Amino acid sequence: MPMLCGSIGSEPLEEDVVNGLPQSQPQPSVSELPPPPSGWGTAAAPSPKRSRGVFGVVGLVVVLVAGALAFVVTRGDEAAEARPLALSFEEGHSETYRITMTMDGGVASDLFGEMPMQTEMSQVTTWRVASVDGDGNATIEVSTSEMSGSMNGIEMPEVETAMPPVEIVVAPDGRVVSAGGLALGGAGQTQGFGFPGMSQLTPILPEDGRAVAPGDTWTQEYSQEFPYGEGSIEYVAHSRYDRNESVDGREAAVIVTEMTVPLDFTLDFGDLVEAMGEDLGAVGATGVEGFSDATITYGGGGAFTQTSFVDLEAKELLRMESAGDFDLSMEFRGVPGFEGEMSFDGTFTQDLERE
C-alpha cells in the first residue's frame, strides 16, 4: 500500500513522489473514513507495569494453590503409610555391629591438674538375644572383639578383648532399661570409653509400638537401671520420624532423637566386686579388695542427637549415628591414693554400623 505523505484533508494532495511513483489521487477526508470496530477505544490498554502486576498476582496464587495441593497430597500419603514402629526380638538371634567413637575433651582435678583426653576407638560387638519376656523385653548378651584405637595420640594395640559378655535389657520401643556395665565412663558396649548414658545405642520409638508416619513426633522420659550403687541414669528424649530411606536395599525408618542425660547416682565398688566376682580376675584385675569401701558420686550430664535407621519389615536396627557434648563431675571417696573431685567434659561422636 503506498505510504501517505502530506496532510489529511478534503483537498487533493499535491503531487508527491513515494518510492519513485507519482501520487496524485485525492485522499478521503476524516468524515469519509470508515468507523472504527465496535468497542474499539472504549478502554485504555493496560500499561506494562500493570500487566506485570496482574501476572505477578496470578503467579503467586498459582504457587500457593500448588503448594497447598502438594502439602495435602504429601500428608495424605504419609497418613496412609502410618504403621506400628517397634523393635522385634527372637531368642537365639544374633547381630554383629561395628562401633566407632571419637572424643575430644579434658579432665581436671586437684590431684593432677588438667590434662587433655582425646580418644578414638573402634570395636566389633555381637548382640545375641538370650531371652525375651512376655512384654517383648529382650535380654541381650553383648560380646566385644577387635578393639583398637588411640588415646592422646598413643595407639592402643589391636587385640581380641578378654572382657566377658555384658547383659543389657532392651524394650520393644528401644529403651535400654539396664546397661549392666561399668559406669566408670560408659557401659559394656564402649568398654569404659565415654560417659554414663552412652549405652543408649538403640532408637527411641513410640510407646506401645503405635502407628506413626514421617513427620510424627513423640517424647519419652525414662530411667536406666544402675545395678552397682544408688540412683539411676535418667533420659529425656524428643524423637521425630524424619523420613524413609533405603539402607543396603532395605526400607528403613529414619528416627532423629534429641536426648539429655542428667546424672545423679553413686557407684559402689563393693557392690561391683560382689556382682562381678570371678569375672574381674578373668580380665586381669588385681587389688580389687582395697576398693571394697570406695564410691564415686556422679553429677552433671550430657546432651546428644541420635539418628537411627530401623528396618521397617524386620524391625531391627541397621545403623546409628550420634554426636553431642558432656560435662561431668565425679567425687571419689575411699579410693586408695585418691580422694576428692574430678571433672570430665568435652564432645563426642558415636556410630554403629551393621556388619
Side-chain angles (χ1 to χ4, degrees), residues 97-123 125 144 147-158 161 163 166 176 179 181-204 224 226 228-229 231-238 256-267 295-308 319-333 335 338-353:
Y97 301 96
R98 178 171 293 276
I99 299 175
T100 57
M101 190 191 73
T102 67
M103 183 173 296
D104 186 0
V107 296
S109 76
D110 293 336
L111 181 65
F112 53 77
E114 299 181 5
M115 62 177 292
M117 183 66 74
Q118 297 176 328
T119 61
E120 295 181 2
M121 185 273 292
S122 174
Q123 66 183 20
T125 63
T144 302
M147 188 169 69
S148 63
S150 66
M151 181 177 293
N152 292 340
I154 301 174
E155 293 291 328
M156 296 185 294
E158 189 170 335
T161 179
M163 285 292 290
V166 174
V176 179
L182 279 171
L184 292 170
Q189 298 95 312
T190 57
Q191 298 300 320
F193 294 91
F195 69 87
M198 288 181 69
S199 56
Q200 181 59 59
L201 298 175
T202 44
I204 303 299
Q224 185 180 98
F226 182 65
Y228 308 124
S232 59
I233 301 175
E234 305 294 329
Y235 292 84
V236 180
H238 303 282
V256 178
T257 299
E258 303 285 342
M259 196 175 307
T260 57
V261 189
L263 302 178
D264 183 12
F265 66 92
T266 299
L267 168 65
T295 61
I296 305 177
T297 300
Y298 286 83
F304 55 98
T305 300
Q306 180 189 76
T307 302
S308 304
R319 192 168 85 227
M320 185 280 298
E321 305 163 355
S322 65
D325 54 63
F326 57 93
D327 189 351
L328 314 181
S329 64
M330 293 169 279
E331 183 178 0
F332 294 79
R333 295 183 181 277
V335 178
F338 182 72
E339 289 274 350
E341 296 184 356
M342 183 171 71
S343 63
F344 182 28
D345 61 8
T347 60
F348 76 95
T349 66
Q350 185 171 230
D351 299 337
L352 176 147
E353 190 86 24

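Keep in mind that what you see is a predicted model, and the values were worked out from it rather than measured. The figures that follow rest on heavy atoms only: side chains count, while hydrogens, waters and symmetry mates do not. This chain uses plain numbering: 1 for the first residue, then up along the sequence.
Interatomic distance, F332 CZ to T295 OG1, rounded to the nearest 0.5 Å: 10.0 Å. For the atom pair I233 CD1 and Q224 CD, the distance stands at 4.5 Å (nearest 0.5 Å). From S308, atom OG reaches atom CD of E321 across 9.0 Å, with rounding to the nearest 0.5 Å. Taking CE of M259 as the start and CZ of F304 as the end, the distance is 4.5 Å to the nearest 0.5 Å. Annotation: the span from L267 atom CG to I296 atom CD1 amounts to 5.0 Å, rounded to 0.5 Å. Within the model, atoms CZ of R319 and CD of E353 stand 5.5 Å from one another, a figure rounded to the nearest 0.5 Å.
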I'd like a table of donor-acceptor pairs (distance under 3.5 Å, sequence neighbours excluded) in which one partner is a side-chain atom from residues 106-114, with atom names and distances.
residue: S109; atom: OG; partner: L111; partner atom: N; Å: 3.3
residue: S109; atom: OG; partner: F112; partner atom: N; Å: 3.3

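Looking at residues two or more places apart in sequence or on another chain, you find no side chain to side chain donor-acceptor pair (under 3.5 Å) involving Y97.
Across all their heavy atoms, L263 and G301 have their closest contact at CG-CA, 4.0 Å.
A donor-acceptor pair is defined here as one N or O able to donate and one able to accept, closer than 3.5 Å; no such pair exists between the side chain of D327 and the backbone of D345. Put simply, the side chain of E234 never gets that close to the backbone of V236: no donor and acceptor are under 3.5 Å apart. Using a distance-only test at 3.5 Å, with no hydrogens or angles considered, a donor-acceptor pair links the side chain of Q306 to the main chain of Q200.
Taking the six-membered ring for Trp and thresholds of 30 and 60 degrees, F265 and Y298 have nearly parallel ring planes, at less than 30 degrees apart.
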